Amino acid sequence: MRAWLPPDHLAWRVIEVTGQLDLAGFAAAYRADGQGQAPYDPAMMAALLFYCYLKGIRPSRKIAAACIDDVGCRVICGGAAPSHQAICQFIRRHRPEVRRLFVQVLSLLAAGGAVAGPLAAVDGSPVSGNASRFANLTGEQLADRIAAVEAA
């Protein structure tokens with residue numbers, strides 16, 4: 001798998017950064033008595049989510065499809081292909097922990113120069129606002145309004 005991607009690929013960086021995180025919160029949510037089917041490795045699932053979120057892939061069905069089509073996802077999963085139900089259940093079970101760690105992952109990746117940009121989001125939560133597409137302004141219109149307000 002090392003030959004599939006260049007050494008500076010985002011997938012390798014996400015795997016490296018995820019290895020630096022404290023993932024004890026994930027392990028605590030699973031049974032320790034050995035009963036039942038073993039879940040996918042929480043570190044692998046977390047790295048998969050972080051990688052997909054950074055690439056703009058959020059729905060569990062699209063993440064599951066990326067585990068087959070996207071080489072970075074295949075590398076992170078080690079060739080495994082978690083179903084969308086497994087991904088969705090992992091997200092539902094660990095949503096607060098994923099949100100908390102995603103901020104750490106972003107800051108570590110940004111510090112290492114792997115990602116840049118002012119905006120990243122964990123989910124598509126709607127945010128209320130008072131804008132409409134009819135209220136959009138061009139740069140000139142906005143500059144005119146700013147000048148008018150400053151003059152007033």
Side-chain angles (χ1 to χ4, degrees), residues 1-139 142:
M1 289 188 174
R2 293 248 177 236
W4 291 2
L5 295 171
D8 60 340
H9 193 272
L10 180 62
W12 297 121
R13 303 296 296 270
V14 168
I15 291 170
E16 176 187 332
V17 167
T18 305
Q20 297 173 11
L21 301 175
D22 178 20
L23 303 176
F26 292 116
Y30 296 106
R31 291 177 64 163
D33 61 3
Q35 297 281 329
Q37 181 181 2
Y40 287 101
D41 179 27
M44 182 269 296
M45 292 293 282
L48 175 65
L49 288 180
F50 299 146
Y51 177 75
C52 288
Y53 288 165
L54 288 167
K55 289 188 68 173
I57 305 170
R58 288 190 345 259
S60 60
R61 289 184 188 272
K62 289 189 179 183
I63 294 172
C67 292
I68 297 168
D69 297 341
D70 186 285
V71 177
C73 289
R74 292 190 69 172
V75 166
I76 289 170
C77 293
S83 68
H84 73 92
Q85 293 103 340
I87 294 167
C88 188
Q89 184 178 22
F90 183 84
I91 293 168
R92 191 177 312 120
R93 177 179 283 175
H94 302 292
R95 186 176 309 272
E97 190 72 6
V98 168
R99 285 184 182 188
R100 183 182 69 79
L101 290 176
F102 188 65
V103 174
Q104 290 180 14
V105 168
L106 277 177
S107 59
L108 289 170
L109 288 173
V115 296
L119 178 65
V122 173
D123 64 4
S125 300
V127 177
S128 62
N130 59 356
S132 74
R133 62 187 177 107
F134 302 109
N136 289 339
L137 301 174
T138 65
L142 189 58

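All heavy atoms count here, side chains included; hydrogens, waters and symmetry mates do not. Nothing fancy with the numbering, it's 1 onward along the sequence. Keep in mind it's a predicted model, so treat the numbers as computed, not measured.
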Please walk me through it: do Val98 and Phe50 pass side-chain contact (heavy atoms from CB on, under 4.5 Å)?
-> CA-CA 8 Å; Val98 168; Phe50 299 146; 4.0 Å; yes
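- The minimum heavy-atom distance between Arg13 and Asp8, with the atom names listed, is CG-O, 4.3 Å.
- Shown here for Asp22 and Glu97, the closest heavy-atom pair between the two residues is O-OE2, 4.1 Å.
- In this structure, Thr18 contributes its side chain and Ile15 its backbone to no donor-acceptor pair below 3.5 Å.
- With rounding to the nearest 0.5 angstrom, the CD1 atom of Ile91 is 7.5 Å from the CE atom of Met45.
- More than 12 heavy atoms of other residues, nucleotides or ligands lie within 6.0 Å of CZ in Arg100, so this atom counts as buried by the packing criterion.
- The closest side-chain heavy-atom distance from Asp70 to Lys55 is below 4.5 Å.
- Rounding to the nearest 0.5 Å places CG of Leu54 at 10.5 Å from CG of Leu49.
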Should Cys77 and Met44 be marked as a side-chain contact (heavy atoms from CB on, under 4.5 Å) after you check the CA-CA gap, both sets of side-chain angles, and the distance that decides it?
-> CA-CA 6 Å; Cys77 293; Met44 182 269 296; 3.5 Å; yes
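- Side-chain atoms of Ile63 and Cys52, non-hydrogen and from C-beta on, do get closer than 4.5 Å to each other.
- Rounding to the nearest 0.5 angstrom, the gap separating the CD atom in Gln89 from the OG atom in Ser83 is 8.5 Å.
- Considering every non-hydrogen atom in both Pro82 and Tyr40, the closest pair reads CA-OH, 3.4 Å.
- Across every non-hydrogen atom of Ile57 and Ala66, the tightest pair is CD1-CB, 4.3 Å.
- Taking the six-membered ring for Trp and thresholds of 30 and 60 degrees, Phe90 and Phe26 have nearly parallel ring planes, at less than 30 degrees apart.
- Heavy atoms only, all atoms of each residue included: Arg74 and Ile68 are closest at CD-O, 3.5 Å.
- A heavy-atom distance below 4.5 Å is not found between the side chains of Leu10 and Leu5.
- With rounding to the nearest 0.5 Å, the separation of CD in Gln85 from CZ in Arg61 is 7.0 Å.
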